[in-house]
Amino acid sequence: MAYDHKSIEAKWQKIWADEKTFEASEDESRPKFYNLCMYPYPSGALHQGHVRNYTFGDLLTRYKTMTGHNVLSPMGWDSFGLPAENAAIASGAQPKKNTEAQIATMTRQIKQLGAMYDWPRELASHSVDYYRWDQWLFLQLFDRGLAYKKEAPVNWCPQDQTVLANEQVVDGACERCGTIVEKKNLAQWFFKITDFADRLLTDLDQLDEWPDRVRTMQRNWIGRSTGAQFSIGVADSTDSFEVFTTRPDTIFGMTFAVLAPEHPLVDRLISGTDQEAGARTYITAAGRASEIERLSEGDKTGVFTGRYAVNPVNDVRVPIYIADYVLMGYGTGAIMAVPGQDQRDWDFATKYGVDIIRTVEPPDEYDGEAFVGDGVTTNSDFLNGLDRSEAIAEIVNWLEDGGLGESTVNYRIRDWLISRQRYWGSPIPMVNCAECGLVPVPEDQLPVVLPDIVDFAPKGQSPLAALDDWVNTTCPVCGGPARRETDTMDTFVDSSWYFLRFTDPRNSEKAFDPVKARYWMPVDQYIGGVEHAVLHLLYARFITKVLFDMGLASVEEPFARLFTQGMITMDGSKMSKSKGNVVDPLDLFESHGADALRLYHLFMGPPTDDAAWDTNGVDGTLRFLDRVWRVVTETNGFDESADASELIADAHRAIAKVTDDIERFHFNTAVPPLMTLSTALVDRVRSGIPSAGFNEVVEILIKLLAPMAPHIAHELWEKTGHSTMLATEPWPVADTTLLERSTVTMVVQVNGKLRDRVDVDADIDAAEAERVALESDKIDQWIDGQEVKRIIVREPNLVNIVVG
RNA sequence: GCCGGAGUGGAGAAAUUGGCAAACUCGAUGGACUCAAAAUCCAUUGCUCUAAAAGGCUUGCGGGUUCGAGUCCCGCCUCCGGCACCA
């Protein structure tokens with residue numbers, strides 16, 4: 001008879017909530033542990049990814065509680081964002097109402113998992129108590145020059161008449177209707193994350209408890225390159241333009257220069273030249289091309305300007321081209337082109353018949369095109385004979401001495417575009433005054449409340465723009481008529497500081513009390529999906545640094561340890577509703593119970609790896625729990641005289657293994673020792689009357705099970721006569737004197753091949769081990785008269801006899 | 001192209017410092033119990049040779065270091081993820 005998981009799980013979920021077992025406050029007497037799972041978007045349906053995430057998080061909450069930590073484990077909702085707005089467009093229902101209904105549903109489902117949170121700290125980013133502090137945060141950045149508005153090209157869907165977030169553009173097309181996305185210039189708000197690029201990069205080195213792949217992704221995203229920037233004069237004019245290069249050592253190989261089509265100098269350069277008409281046609285075409293068309297690495301296109309640049313090192317005149325393979329958004333939007341050492345320049349030069357000069361000696365057998373490797377500098381006057389790094393140092397000195405340029409650093413990361421022409425987000429707290437220009441809403445006039453509206457249909461600007469009563473306001477500076485900003489903030493702004501709000505979630509005076517934040521921060525363990533490796537985790541680091549500089553955050557890095565879980569796959573692809581390969585956790589709560597499901601998620605494989613779903617595996621973990629239930633509840637009668645020492649030693653080995661594995665996040669290997677231990681108990685019962693150590697071992701087994709399958713563990717704890725709450729019982733400590741075995745199996749090898757096993761005392765000495773090995777009958781036939789050349793002894797585990 | 005990670009039975013996997021490869025779970029096959037089924041329990045289950053015993057082989061491929069390599073080194077292949085006309 002299987003145990004009744006449904007009634008047991010409901011019972012204990014109620015007790016934990018009633019007893020406020022997992023509600024935390026500042027307490028200097030215990031070490032704090034801030035344990036955080038990435039707060040979810042309230043989709044309204046718990047899926048296996050959530051279950052995996054919260055199972056890992058809850059295991060840690062419960063384990064750290066039992067090991068004497070003051071654990072903060074809060075839960076909240078990333079509840080602004082596009083899905084709610086799209087649902088509103090489709091159904092006409094208020095996003096607020098929908099969102100709050102879905103939060104209620106998911107809260108119930110999370111509680112069914114038995115995952116415990118400090119619910120009084122619950123927050124939701126769509127609530128005005130939260131997003132008013134987004135607005136406060138915006139004003140802090142604005143005050144410090146870290147928030148600014150400028151015109152920028154954004155993704156525009158001509159079908160839906162709306163701007164799209166980068167995340168909504170899939171392979172250059174609108175995610176919703178499949179139309180090719182265009183670029184459109186609109187005035188947008190940005191956060192100046194580029195000011196922090198270097199700190200964000202160098203501080204990655206401190207984050208040694210983060211997965212390497214996440215740190216690598218952030219390094220790639222920030223994309224630091226060192227090089228030189230210098231000025232190139234335009235022949236027969238006083239104009240000049242700046243170029244950036246990582247290879248200033250190849251400057252003698254410059255045979256042309258290229259400006260991006262959007263480069264500000266272009267218009268003046270081409271005016272009045274013979275090439276003007278052709279150049280203007282090219283520029284217009286390039287401007288109209290979609291992002292994917294321009295970025296597709298196909299044939300290079302460009303057009304000659306009719307003008308020439310003068311190479312500053314040797315006064316050689318080289319043609320200036322316009323080509324869209326040079327991007328206005330990176331570096332200076334202009335390059336010196338060195339086809340001999342750069343493949344893109346090579347491709348362009350061969351197509352347009354431009355000269356190619358090699359300034360780095362390729363290897364003798366080299367038959368490629370541009371040579372980008374290291375070699376001796378050649379055809380380069382005073383740089384000849386130097387290697388790459390020497391030549392770079394020399395030419396940079398030369399440029400600096402002549403006042404022509406300097407060594408510089410460039411980053412790939414761009415400023416963070418935070419404005420969205422969308423309804424369901426935090427309004428940007430700025431007004432536009434005809435007299436005073438852009439004026440921030442004073443802090444004491446926050447919040448700028450998001451009004452309820454009825455028409456969410458996209459019209460090319462935020463639906464808020466249609467609300468005259470809301471839009472029209474007075475200027476905080478001059479009192480004259482003014483118009484509110486109608487854009488809302490990217491939801492990544494909400495999630496860039498919510499972990500700080502969790503330390504003081506009900507504060508109505510401040511975003512958070514720095515004293516409380518100092519106690520809890522940093523987050524000791526952050527758990528979530530790797531899909532946030534760059535965006536959220538980079539933005540949160542950035543905002544924390546801003547708040548640190550303001551003296552409000554006590555740490556520069558918000559997340560001390562990061563754990564990224566793998567995906568659940570089914571038939572080789574990610575579980576998703578659209579693929580129809582979803583296994584609903586709610587069904588499994590019914591059929592197998594939350595404990596069996598949790599245990600399966602822990603056991604199915606390394607938590608970092610993607611894992612293929614197999615419902616049979618849940619059958620297996622339920623079978624195991626049933627076995628534990630039976631052996632604990634159906635055992636009667638003890639033989640006090642029977643020897644229990646080996647069983648107790650097994651239990652202590654299990655304590656050591658499980659503890660170590662949990663500490664190292666090897667949850668999948670923390671489960672088998674419990675299975676083995678329960679099998680040992682079953683064997684003990686089957687062999688006759690269980691011995692005196694039985695209850696002691698059962699107690700250990702229940703405690704080790706408590707963080708993994710908490711409901712059944714608590715029920716068994718109560719059933720075995722304990723009146724205390726298992727959740728706050730101390731975690732068992734392995735008695736190290738019991739861990740060593742008195743006899744071990746020694747392996748005897750001949751020439752590295754296993755030939756015999758012998759049981760020996762664990763404290764056997766080398767000479768004795770060698771003697772025992774050579775005495776083995778089985779060994780004789782393998783030595784068979786050959787000369788024994790050497791004997792390797794690793795007592796007490798192994799002896800290897802080398803013959804030949 | 002650059003940067004990361006992975007590759008072990010029919011499946012998920014384990015092997016913490018270079019020392020018994022495949023623990024544990026699933027699946028499969030056979031058996032016990034049952035009128036029968038479910039549940040439960042027992043046995044077998046990497047490949048190969050063999051009637052059996054005993055042996056031989058085996059951690060993507062090829063080399064190397066070592067008494068000994070899944071683990072370390074060199075060179076490849078494949079898959080997954082990130083970045084990418086970034087100068």
Side-chain angles (χ1 to χ4, degrees), chain A residues 1-2 211-225 227 229 243-248 250 258 260 294-301 323-327 329-338 341-345 347-348 372 410-414 530-531 533-534 566-567 599-600 603-606 608-621 623-624 626-627 630 657 660-661 664 666 668-669 671-676 679 682 686 745-757 778 781 789-794 797-804:
Chain A
M1 184 58 199
D212 281 342
R213 68 170 164 163
V214 173
R215 292 198 286 172
T216 303
M217 282 188 220
Q218 293 211 354
R219 279 193 195 100
N220 285 344
W221 187 269
I222 295 167
R224 182 180 201 267
S225 3
Q229 185 169 323
V243 297
F244 171 74
T245 177
T246 55
R247 294 296 302 274
T250 64
V258 185
R294 277 191 63 166
L295 294 186
S296 65
E297 201 164 346
D299 215 13
K300 304 253 174 315
T301 62
D324 67 1
Y325 81 91
V326 172
L327 309 173
Y330 184 79
T332 61
I335 61 161
M336 68 166 192
V338 185
Q341 268 67 236
D342 184 288
Q343 188 60 40
R344 293 155 302 179
D345 297 345
D347 293 343
F348 191 88
V372 298
N410 250 292
Y411 297 93
R412 177 157 38 230
I413 191 172
R414 312 291 168 79
V530 75
E531 66 273 16
V534 173
M567 273 186 334
L599 205 56
Y600 172 61
F603 183 53
M604 70 194 295
T608 44
D609 291 7
D610 289 353
W613 180 265
D614 178 9
T615 302
N616 287 323
V618 196
D619 295 339
T621 51
R623 262 199 287 277
F624 160 66
D626 264 329
R627 246 190 324 265
R630 272 180 272 122
K657 174 71 174 159
D660 191 38
D661 282 345
R664 298 189 315 137
H666 288 198
N668 55 321
T669 52
V671 178
L674 304 184
M675 293 175 164
T676 310
T679 303
V682 170
R686 200 171 285 153
T745 301
M746 186 173 80
V747 167
V748 183
Q749 298 177 330
V750 177
N751 285 349
K753 290 201 186 293
L754 173 71
R755 296 303 181 194
D756 198 9
R757 291 187 172 91
K778 287 186 183 168
Q781 59 175 311
K789 290 182 170 165
R790 206 175 149 186
I791 299 178
I792 314 286
V793 182
R794 293 286 178 273
N797 296 313
L798 176 139
V799 173
N800 185 14
I801 301 163
V802 185
V803 302

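Labels below follow one simple rule: chain letters A, B, ... track the order of the sequence lines, proteins then strands, and each chain is numbered from 1. Note: hydrogens, waters and symmetry copies are ignored here, and every other heavy atom, side chains too, is used.
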Over all strands shown, is A/R757 touching base, sugar-phosphate only, or nothing at heavy-atom distances under 4.0 angstrom?
base

Within the 4.5 Å heavy-atom criterion, are A/N751 and A/V802 side-chain neighbours or not?
yes

For A/W221, ring pair (Phe, Tyr, Trp, His ring centres under 6.0 Å) partners two or more places apart:
none

Range-with-range stems of RNA chain B (Watson-Crick or G-U pairs under 3.5 Å, three or more in a row)
B:1-7 with B:77-83, B:10-12 with B:24-26, B:27-32 with B:40-45, B:46-48 with B:55-57, B:60-64 with B:72-76

A/R414 near the nucleic acid: base, sugar-phosphate alone, or nothing, with a heavy-atom cut-off under 4.0 Å?
base

Please work out whether the ring planes of A/W613 and A/Y600 are parallel, tilted or perpendicular, with thresholds of 30° and 60°.
perpendicular

Can you tell whether the side chains of A/R623 and A/D626 come within less than 4.0 Å, N to carboxylate O?
no

Remember a base hit wins even if backbone is also touched, and classify A/S225 as base, sugar-phosphate or nothing at under 4.0 Å, heavy atoms.
sugar-phosphate

Just how far is it from atom CZ of A/R790 to atom CD1 of A/I801, taken to the nearest 0.5 Å?
13.5 Å

Give me the distances for all protein-to-nucleotides 17-19 of chain B N/O pairs that come in under 3.5 Å?
{"unit_1": "B/rG19", "atom_1": "O6", "unit_2": "A/R794", "atom_2": "NE", "d": "3.2"}
{"unit_1": "B/rG19", "atom_1": "O6", "unit_2": "A/R794", "atom_2": "NH2", "d": "3.3"}
{"unit_1": "B/rG19", "atom_1": "N2", "unit_2": "A/Q749", "atom_2": "OE1", "d": "3.3"}

Each nucleotide of nucleotides 53-59 of chain B classed B (base within 4.0 Å of a protein heavy atom), S (only sugar-phosphate) or -, in 5' to 3' order, makes --SSS--

Could you run through nucleotides 8-15 of chain B and give me one letter per nucleotide, 5' to 3': B if any protein heavy atom sits under 4.0 Å from the base, S if only the sugar-phosphate is that close, - if neither?
----BSS-

To the nearest 0.5 angstrom, please state how far the CG atom of A/L599 sits from the CE atom of A/M675.
6.0 Å

Hey, are the side chains of A/R215 and A/Q218 touching, using non-hydrogen atoms and a 4.5 Å cut-off?
no

Any side-chain heavy-atom pair from A/D342 and A/R247 closer than 4.5 angstrom?
no

Sequence neighbours excluded, which residues qualify as salt bridge (Lys or Arg N to Asp or Glu O under 4.0 Å) partners of A/D661?
A/K657, A/R664

Closer than 3.5 angstrom, by distance alone: can the side chain of A/D609 be matched with the main-chain N or O of A/G566 as a donor-acceptor pair?
no

Here's a test of your reading of the structure: between A/R790 and A/V534, which maps to the more 5' nucleotide of RNA chain B?
A/R790

